[in-house]
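First the structure, in the form of structure tokens, and then the observations on it.
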Amino acid sequence: MSNNTASSSAGANGSADSAAPRRNSKRPKYSRFTQQELPACKPILTPRWVISAFMLVSIIFVPIGIASLFASRDVVEIVDRSETACIPAQNRSDKVGYIQSSADKTCNRTLRVTKRMKQPIYVYYQLDNFYQNHQSRSDEQLRSRSGENETSSCEPEDVINGTAIVPCGLIAWSLFNDTYSFSHNNQQLQVNKKGISWKSDRDHKFGKDVFPKNFQNGSLKGGAILNTSIPLSDQEDLIVWMRTAALPTFRKLYGKIEQDLLPNDEILVTLENNYNTYSFNGKKKLVLSTTSWLGGKNDFLGIAYLIVGGLCFFLAMCFTVVYLVKPRRLGDPSYLSWNRTPGGR
Amino acid sequence: MDSKNPIESSPSIEITLNSSSRRSNSSSHSKASRGNSVREVTFGDLGSKPVRYGSRGADSEGFSGSQKEISDEDARLVYVNDPEKTNERFEFSGNSIRTGKYSILSFVPRNLFEQFHRVAYIYFLIIAVLNQLPQLAVFGRGVSILPLSFVLLVTAVKDAYEDWRRHRSDRIENNRLTWVLVNDQFQQKKWKDIRVGEIIKIHTNETLPCDMVLLSTSDSTGVAYVQTINLDGESNLKTRYAKQETLSKTPEKEKIRVLIKCEKPNRNIYGFHANMDMDGKRLSLGSSNIVLRGCELKNTAWAIGVAVYCGRETKVMLNSSGAPSKRSRLETRMNFEIIILSFFLISLCTIVSICAAVWLRRHRHDLNTIPFYRKKNFNDEDKDDYNYYGWGLEIFFTFLMSVIVFQIMIPISLYISMELVRVGQAYFMIRDTLMYDEASNSAFQCRALNINEDLGQIKFVFSDKTGTLTENKMEFQCASIWGVDYSGGKDSSVNEQVGHFVQVDGKILRPKMKVRIDPELLQLSRSGNNTEEAKRVHDFFLALAACNTIVPIAFDDASNPTVKLMDYQGESPDEQALAYAAAAYGFMLIERTSGHIVIDIQGERQRFNVLGLHEFDSDRKRMSVILGCPDKTVKVFVKGADTTMFSVIDRSLNMDIIRATEAHLHNYSSLGLRTLVIGMRELSDSEFEQWHSSFEAASTSLIGRAAMLRKVANTVEKSLRILGASAIEDKLQQGVPEAIESLRTAGIKVWVLTGDKQETAISIGYSSKLLTSKMTQIIINSNSKESSRKSLEDALRMSKKLITVSGTTHNNGGNSGGAVSPVALIIDGTSLVYILDSELEEQLFKLASKCSVVLCCRVAPLQKAGIVMLVKNRTSDMTLSIGDGANDVSMIQKADVGVGISGKEGRQAVMASDFAMGQFRFLVPLLLVHGHWNYQRMGCMILYNFYRNAVFVLVLFWYVLFTCFTLTTAINEWSSMLYSIIYTSLPTIVVGILDKDLSRRTLLKYPQLYGAEHRQESYNSKLFWLTMIDTLWQSVVIYFIPHLAYWGSTIDAPSIGDLWTLAVVILVNLHLAMDVIRWSWITHVAIWGSIVATFICVIVLDAVPTLVGYWAIFDIAKEGSFWLCLLAIVVAALLPRFVVKVLYQHFSPSDIQITREAEKFGSRREFGAVEIEMNPILEPSRR
């Protein structure tokens, strides 16, 4: 070390040199950023933090869980499964044949209201095992007349005899065509079919100047036939249908009943069972439901919140016990690996 | 002070020290005498032969001894001053340079071609091409090429910008002007128009436009001085010579008919072979006759030369490519995990295709009518099957489509982010003020950009000694003259010394460097030639002043106009130190010209004729100069390494003095000083004549000149009278002992590989704390294979005993209780000759791995590389080599990480290195701080990127299972492409650059923390698999919570897709946030900013009416269940990870964890003291 401390002529010279401001110094400029010393918060998982985090989660989650369970319970839902019931017993051996035949498929169902249902009551049809995610559609065509021939993405329902089908594509082709009418005490229940689709879709996605053309003119009918004199922006059933469902079991809004229903009310449903779900063993249900702030009737979220909240509470208790029984002083150097193993490095 | 006034006595010999006399200095600039230093082998000779008359050159043959004939096919023929003839047969390149890679036309194809050299991009491309096939089109065409084009575009813009800058500098360079001989007169011509064979005139301070052979210079002896700082970074002047034969010609007046036959262009800037046919005579040309493009002419009014290599064939252009690239260890490991991920990918795709096959099989009868899967086209007459290619192909297409959908399972973006992160890390390393060296004004350099994280895993450090551990700033310390040791100078301080000076032209001339002086010796040196003792002292200092190749250059002192400073320019720091020492004792070298030197001896100018000079070579390890003294006697002065000097000293004379000198030498070298022995003798007239004739013959011979000169030297360097020995201190660099101590505590083994003597090496070992008195030293010096085998076996046995019976067999006593006694292995180069590349290597490795310190002395550069390979081949541990000289280049390139010290010895080491810095001690912050950070950051980042992409792919995968395997995605195709570009890329890059697990101070205080990297704590397969399990869980949570919550509801695909997108992005960013240790504002901005940016992107995408998901986000966000889902996903997904983390931290905290806690909570009680403690490493560069 003596050779370090001993001053030398060269060293003295050098330091005198550098004391003067150097014009060409490559010394990096000091800043807290370049020296990686920006002020920063360095959180550490102390027992207090851990326990309070768990407690906080459980305090938030349990009430939410209870609230959503209540919300879900408040929703009144009437579900009627109709796909088999609406086929005459003698035709049940060949359901596909029946549905494709031209026989009268009117079918009467009776629904009983279990709890008071406040208006608006939403009427849904629910399909099961139906994979609506086939991407055969053309949004350009739907939006404006100029995009009429944009049918390349619509195969196989793209053109017929060389002219474009409007709306093209399998999704439109398979448009749902069951119809429902409701009566209550021999009195027709009005089903409002206006405003069941998204306003944004009506305004921007479906053109006012686009009219159905060549639709369902093929040898195989997929579903509903559209009125060629109504522009697509007003064909709300189509618009609803074209919002493709995410999951194979889905509901679509059919209409709204703007009238309260009372317990034990009997509702007679007359339905035209046109839609072929038999070729893929799909179920078909009619649903009448109210809504809550949470959406429809679904207990899952409430249960999930309760489970997570409860688990966090349990974990908070566990960690409290652990920290009490086997505490570790934070930052205790005696835990360092080189301090633990004697005779190490 | 001496009573004699130097001002009065100085004008006794009239010399004007003007610039022209300085310029006429010639010759005597030879390969430096390096005494016992390491640098015996460099890339051939830099200097030239010091012959007075006749031709010089062709000395670049180096050790090969014989001159190579250049065969015609390997040669290029240059007809001097006849560029037409020169260029008619060969297509030599013109002098215009193009460092730019592209032209406007070629940019797109060439840049694309170069970019697609990367496998990752090919993968991208294949996926994009697959997606263009109509059968496989999963994404829209535009979307699918988005990621690839994004990456290509970014890189292309970067390349284009760099290329534009290169083009600009090329243009400036090409349009510079120089004087070229056209029609017998010199005209100005642009650089780009210069052709091979043209004669070019360069004036002082001009830059050379091409490589040219010197024909004549303004100096009568044909010397030109060039500065090669642009070429190799050395700032001292180098001498180049014009051939004597061409010197007299003036190309303007007479036609020169000369043919130069030279070798093909090559990269060796230190070698050149050529012949010159002139008037029927054949002359050989060497590296001393060529001046290279990029050099600057200095101290020479003009120089005329002929262009031999132009443009891209010049040596500087051939050398302009970068260092060979290395691959980081972490990346190699990572590639293994990437293969695992590819297996994941393939199995996911296989599952999808099998499921699809089963589904198709089960519904094979209904396929024509199912509304959502119709294979028949009823609208055509022939009722073709639409989009259905039969079973096998359908399944195959499903497979390919799933590859397209799941493509980001292979994290391509990781490669790009890693590069960005490394650039950021390099930026911080370069900008670190603590790694800036004040003395050499050099900041840290990061030359290799892809091995930053390897710095965190170094286990072996191989260090050079001179210039690396030591400063390579030689200081004359003491001398032994005529058997008397003068080392009293240690006590006197420099400041009292006025120093010796002489007066010239009314100005005071003093040496630039001050030297510590022994007063007794000073007295003696000033007392004249009266006593025998004083005579020896006189001869001794005369030898120091004369026996060298130093060029003295006087320049004005900026601070004091009456003072001129004498700067000794030379290639060897030892010689400089000796010349400064001689000057301090009154023997000041003032002028060197081709035939004589002028030395001011105690104020009296004396002129000595330099009759001959035998330069230093590695065989003789000495140099000698033959001087014709003013008293008409001829004396030969020799200085050299003790080993070879004692064999040429006449032992019959003054035996006691030789013994005394030997004892002093031993003393000096055990103090860590570098020693040189100095001897002399007078030559009688007959001896001189004999030597002179053979010297002339040898130096003009064409073949085997070096060997002949060596023989001549041996005839004259004999029966010397010993004068004494000098001792030069090679100062230890600042902070070296502390640095070595820290490295050792960090578990890094430091091996020192030096060319120095064993004694010197050991003494430096002690002073640098590499060796301690507690260590047992095992020394192996053998000179045959058998003896080295035996000593290795003995050593192995001994080391085993030492380690098992610990503490009892200490050499130096010291009872260390139960601790294992550390062993130090000292081995010399001769033994290594027998051990390396033989079966003994294995034993050496076994032995060395038991030793805590290994010191190899007297090793050649290639042996250094051999030792590095010895370790590298046998362990998976990372190696680092650090050195400063050309002799360290091979070892720097062989090691996993090469560090160059930008010191005094040129820049070859730096050019070959991956990282370059100014001081050895910066290794500690480099490894322990930056290496630690880089490794931690990179390890976290790689794992995180795997996780980030896998979780997204798995969410897609779960959805595919519920879409009848049609591979449609709910997540917007734009979102899934933007996912790894915008949504999640910035935070990981920012965290990878900025996060710090521990502060610099803590890391330096506990070097042991470096062990965490040795144990691969932040990236290993256990962590990888844990992360993957966590990924699986998180993806399940992300997918199934919305799935169950919205089952049987009116939810549409784009809406739930938006929910999944947001959930993944929030979760992934929070996951990263959980691992962030330091939250600076930049981290906050990056992480929260990314989430906000994702929301904005999703909203923007849903505001485009042409896209399927128009207005979806606004619709779904109205419902409470959307927000509840998000919250539930985030909490439930992160819960297991959080619990595991807390448990792990509580029950088996890592060292890093504990010190981090200590950093936060223990600051009050501990960290106040640390600052002072760390001073040796932190403080010196901090002002």
Side-chain angles (χ1 to χ4, degrees), chain A residues 3 8-10 14 18 25-28 30 34 36 38 40-42 44-45 50 57 131-135 139 155-156 160 170 174 198 200 204-205 218-220 222 243-249 251 253 279-280 293-296 298 300-301 304-305 308 328 330-331 335-338 343 345, chain B residues 366 369-372 374 377-379 386 428 431 433 436 438-439 441 443 473 494 514 731-732 747 818-819 962-964 968 970 996 1008 1044-1045 1047-1053 1056 1077-1080 1105-1106 1110-1111 1115 1119-1121 1124 1128 1131-1132 1142 1145-1146 1149 1151 1154 1157-1158 1160-1162:
Chain A
N3 38 14
S8 69
S9 57
S18 54
S25 176
K26 287 177 190 158
R27 168 186 270 281
Y30 176 88
T34 56
Q36 310 190 47
L38 285 176
C41 153
K42 289 172 275 186
I44 280 184
L45 292 175
V50 172
V57 170
Y131 298 90
Q132 216 202 348
N133 45 50
H134 201 293
Q135 287 194 318
D139 286 305
E155 285 180 310
I160 186 157
L170 274 187
S174 57
W198 294 6
S200 60
H204 301 285
K205 252 182 117 57
S219 51
L220 186 73
R243 272 271 148 201
T244 50
L247 299 166
T249 297
R251 289 174 186 176
L253 192 56
S279 60
F280 53 91
W293 59 271
L294 195 59
N298 192 331
F300 170 76
L301 270 181
Y305 266 81
V308 173
R328 175 173 77 86
L330 290 179
Y335 283 97
L336 291 169
S337 63
W338 58 89
R345 282 196 300 272
Chain B
D366 313 321
T369 50
I370 296 181
F372 49 88
R374 212 185 70 183
N377 188 345
F378 292 93
N379 299 334
Y386 146 78
F428 282 121
R431 302 305 295 266
T433 50
Y436 164 76
E438 196 87 47
N441 187 27
K473 189 187 267 174
V494 192
K514 288 175 183 158
K731 277 190 66 183
L732 214 56
F962 294 93
T963 59
C964 178
T968 50
K996 277 165 50 175
Q1008 293 97 326
L1044 294 172
W1047 186 255
S1049 75
T1050 57
I1051 193 84
D1052 61 312
I1056 204 169
I1077 290 149
R1078 285 179 92 251
W1079 283 91
S1080 67
T1106 41
Y1110 181 63
W1111 226 246
D1115 193 69
E1119 287 178 43
S1121 52
L1124 288 188
V1131 172
V1142 170
Q1145 286 191 359
H1146 186 73
D1151 294 340
I1154 294 164
E1157 291 161 3
K1160 183 154 182 175
F1161 299 109

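Below, read A as the first sequence line, B as the second, and so on, with proteins coming before strands; counting in each chain starts at 1. Note that the structure is a prediction, hence the values are computed from the model and not measured.
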Is the backbone N or O of [Y] less than 3.5 Å from a side-chain atom of [X], with the two atoms forming a donor-acceptor pair by type?
{"X": "A:Arg251", "Y": "B:Gly1048", "result": "yes"}
{"X": "A:Lys42", "Y": "B:Lys1160", "result": "no"}
{"X": "A:Asn298", "Y": "B:Leu1044", "result": "yes"}
{"X": "A:Arg243", "Y": "B:Thr1050", "result": "no"}

So, taking the atom named OG in B:Ser1121 and the one named CG in A:Leu301, what distance separates them when rounded to the nearest 0.5 Å?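 The OG atom of B:Ser1121 sits 6.5 Å away from the CG atom of A:Leu301.
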Please report the interatomic distance CH2(B:Trp1111) to NE2(A:His204), rounded to the nearest 0.5 Å.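 If I round to the nearest 0.5 Å, the distance is 6.5 Å.
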Under 4.5 Å from a heavy atom of chain B, the part of A:Trp293 involved: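 The answer is both parts of A:Trp293.
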Heavy-atom distance under 4.5 Å to chain B: side chain of A:Tyr335, backbone, both or neither?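 It is both, since atoms from each part get that close.
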Do you know which two heavy atoms are closest between [X] and [Y], and how far apart they sit?
{"X": "B:Asp1115", "Y": "A:Trp198", "answer": "OD2-CZ2, 2.7 Å"}
{"X": "B:Thr433", "Y": "A:Pro28", "answer": "CG2-O, 3.3 Å"}
{"X": "B:Arg1078", "Y": "A:Leu38", "answer": "NH2-O, 2.6 Å"}
{"X": "A:Arg328", "Y": "B:Glu1157", "answer": "NH2-OE2, 2.9 Å"}

A side-chain contact here means heavy atoms from C-beta on lying under 4.5 Å apart; do A:Trp338 and B:Asp1151 qualify?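 They are in side-chain contact.
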Should B:Phe1161 and A:Ile44 count as side-chain neighbours, where that means a heavy-atom distance under 4.5 Å?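 A side-chain contact under 4.5 Å exists here.
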Heavy-atom pairs under 4.5 Å with chain A, option from [options] with the top count:
{"options": "B:Phe962, B:Tyr1110, B:Trp1047", "answer": "B:Tyr1110"}
{"options": "B:Ile1051, B:Leu1124, B:Ile1056, B:Thr1106", "answer": "B:Leu1124"}
{"options": "B:Ser1049, B:Ala970, B:Ala443, B:Gly1120", "answer": "B:Ser1049"}

Out of [options], which one racks up the most heavy-atom pairs below 4.5 Å with chain B?
{"options": "A:Leu253, A:Leu247, A:Val50", "value": "A:Leu247"}
{"options": "A:Pro248, A:Ala304, A:Gly222", "value": "A:Pro248"}
{"options": "A:Cys41, A:Ser174, A:Ser279, A:Gly296", "value": "A:Cys41"}

ring-ring contact (aromatic ring centres under 6.0 Å, His included) involving B:Phe428 - partner list, sequence neighbours excluded: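 ring-ring contact (aromatic ring centres under 6.0 Å, His included) check on B:Phe428 returns A:Phe33.
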Check side chain to side chain donor-acceptor pair (under 3.5 Å) between B:Ser1080 and all other residues, then give those that pass, not counting sequence neighbours.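 In terms of side chain to side chain donor-acceptor pair (under 3.5 Å), with neighbours along the sequence ignored, B:Ser1080 is linked to B:Thr1083.
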